[in-house]
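Have a look at the structure below before the remarks.
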Amino acid sequence: MNTAFDSLSQWGLKTFSGCPFLIAGPCSAESREQVLATAQALAPQPLSLFRAGVWKPHTLAEGFAGAGNVALEWLQEAKELSGLPLAIEIDRPAHLEEVLNAGVDVLWLGARTTVNPFAVEELAQALRGIDTPIFIKNPITPDLGAWVAACERLRSNGVKKLGVILRGFVNRRPSKWRYDPEWELLQKFRQIFPELPYICDPSHIAGDASMVFSVCQEAMNRNFQGLMIETHYDPSKALSDVAQQLNPKQLEALLDKLVLNNPQFQAEDERNSLSRLKQKIDQLDVRLLEALGARHALASQISQITGKQGGELAESGDDAQLRTKIKAFAQRHNMSEAYLFEFFDIIMRQTKSMS
Ligand code: PEP
Ligand code: MN
């Protein structure tokens, strides 16, 4: 059972059995021709989403900054022609309306957004009530706390369809990677959110097309549910991230070679999910006990004021109203009415016996 993978299809996204959840497309949307040519070349492959950067703030101010809003029209056209659903980076609330109007199916927060709590909070508030799945890339610096906080911010603003993208972290030491995957840090993060779908972005980790496959394979071994691979119909002409993009044929060959799912990591994820769920039940049990204690204290106060036995106190409560509430609650939560009545009967009996 792979529940994180199942979540993706439950969210209404396309998945292909025997394939990772695959997001592919160019680093940047550069021109109408480039977007359409790349989407059409990718259409026959098992793609769940077609990606392209629309707004591209780069480290160097003179780098290609993306085509901006006009690219949304190219992407809409690409979706119509190829049938591929769309994923793009959302960088600020002001862009949200036009992105959703363009029929974008999935949004992601980039590494330079996740690192900034102000930006995440603004986006999280703007995303309230929006049902579109959101993927969150790791922050560009290896800051576990910032990554966790970003996920929590999105969740506490009501984002339910949440996934994660590992794109690597700035290197602290000389490295063969463009951005270090920091697999150990990922494992710590994953223990906190074992139930989320995990996507690996090998392109930004590797920084070089020749190393993309090995990162993909490592991600599959580590039981990632998906891959986001930068793909351009002609990478040599790309205006950004030239060295790391694959062409559609190379992507096809990579998928053919990939060996899926390592049972060891799958079992570890299931164990983490179970222990996280058990932990939550333990926390709820403590809250239940606290609520019972608080109720008991109030009942004692009332019997002290009135000098009456708890029995009379219980009878003075609106029993009929409580029974109606219990019935509605049981229905809403698909719980047994009999069980809830029995539970409250025990509480009431205890109150009646108080003096
Ligand atoms: C991208 O996916 O093209 C991109 C800019 O990503 P990141 O936020 O990982 O740098
Ligand atoms: Mn890129």
Side-chain angles (χ1 to χ4, degrees), residues 21-30 34-35 38 42 47-61 63-68 71-72 74-75 86-92 95 99 104-116 119-120 123 133-143 146-147 150-151 154 163-171 177-182 185-186 189 198-209 211-212 215-216 219 224 226-247 250-251:
F21 182 83
L22 180 62
I23 309 170
C27 175
S28 312
E30 300 163 357
Q34 173 247 12
V35 169
T38 307
L42 288 175
L47 247 68
S48 296
L49 293 163
F50 179 69
R51 64 146 284 156
V54 170
W55 300 277
K56 305 287 301 179
H58 275 278
T59 313
L60 300 175
F64 177 60
L72 292 173
W74 309 334
L75 287 170
L86 302 174
I88 70 163
E89 176 180 347
I90 182 76
D91 62 337
R92 68 195 70 181
H95 287 147
V99 163
V104 172
D105 301 273
V106 164
L107 302 172
W108 81 80
L109 266 60
R112 291 159 188 85
T113 301
T114 310
V115 78
N116 178 348
V120 175
L123 271 168
I134 315 289
F135 291 150
I136 182 151
K137 283 196 167 193
N138 65 260
I140 197 150
T141 54
D143 181 349
W147 200 4
C151 288
L154 288 177
V164 173
I165 304 176
L166 177 76
R167 54 82 73 207
F169 302 86
V170 279
N171 289 310
W177 306 116
R178 180 175 178 209
Y179 291 100
D180 195 315
E182 304 246 9
L185 189 130
L186 172 85
F189 179 85
Y198 282 78
I199 312 288
C200 179
D201 166 352
S203 309
H204 290 91
I205 292 173
D208 189 291
M211 285 158 66
V212 167
V215 183
C216 290
F224 273 66
L227 298 167
M228 175 190 264
I229 305 178
E230 285 192 342
T231 313
H232 190 294
Y233 82 98
D234 182 356
S236 68
K237 295 197 178 126
L239 299 183
S240 59
D241 288 349
V242 183
Q244 72 195 29
Q245 302 203 55
L246 303 187
N247 66 37
Q250 289 170 317
L251 179 70

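Counting convention: from 1, in listed order, for ligands and their atoms alike. Each residue takes its place number in the sequence, starting with 1. Any value given below was found using the heavy atoms of this structure, including those in side chains, with hydrogens, waters and symmetry copies removed.
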Hey, is Lys56 one of the residues with a heavy atom under 4.0 angstrom from ligand 1?
-> yes

For Gly110, the ligand 1 atoms with a heavy-atom partner under 4.0 Å come out as 8 (O)

Select the closest option to atom 6 (O) of ligand 1 among Glu230, Arg112, Lys137, Arg167, judged by heavy-atom distance.
-> Lys137

CG of Asp201 to OH of Tyr179: how many Å apart, nearest 0.5 Å?
-> 10.5 Å

Heavy-atom side-chain contact between Thr38 and Pro26 under 4.5 Å | yes

To the nearest 10 degrees, could you say what angle the Mn ion (ligand 2) makes with OD2 of Asp241 and SG of Cys27?
-> 100°

Determine, using heavy atoms of Trp108 and all atoms of ligand 1, whether some pair is separated by less than 4.0 Å.
-> yes

Please identify each residue that fulfils side-chain hydrogen bond (donor to acceptor under 3.5 Å, both in side chains) with Asp105, with sequence neighbours left out.
-> Lys79

What residues, two or more places apart in sequence or in another chain, satisfy ring-ring contact (aromatic ring centres under 6.0 Å, His included) together with Trp55?
-> His95

What do you reckon, does Glu89 have a nitrogen or oxygen under 3.5 Å from a nitrogen or oxygen of ligand 1?
-> no

So, Glu230 side chain and Gln244 main chain: donor-acceptor pair closer than 3.5 Å or not?
-> no

The Mn ion (ligand 2) has as its nearest N, O or S atom from Glu230 the atom OE2

Between Asp241 and His204, does a side chain to side chain donor-acceptor pair (under 3.5 Å) hold up when you go through it step by step?
-> CA-CA 8 Å; Asp241 288 349; His204 290 91; 3.0 Å; yes

Selection from Pro139, Ala111, Pro26 by shortest heavy-atom distance to atom 8 (O) of ligand 1 | Ala111

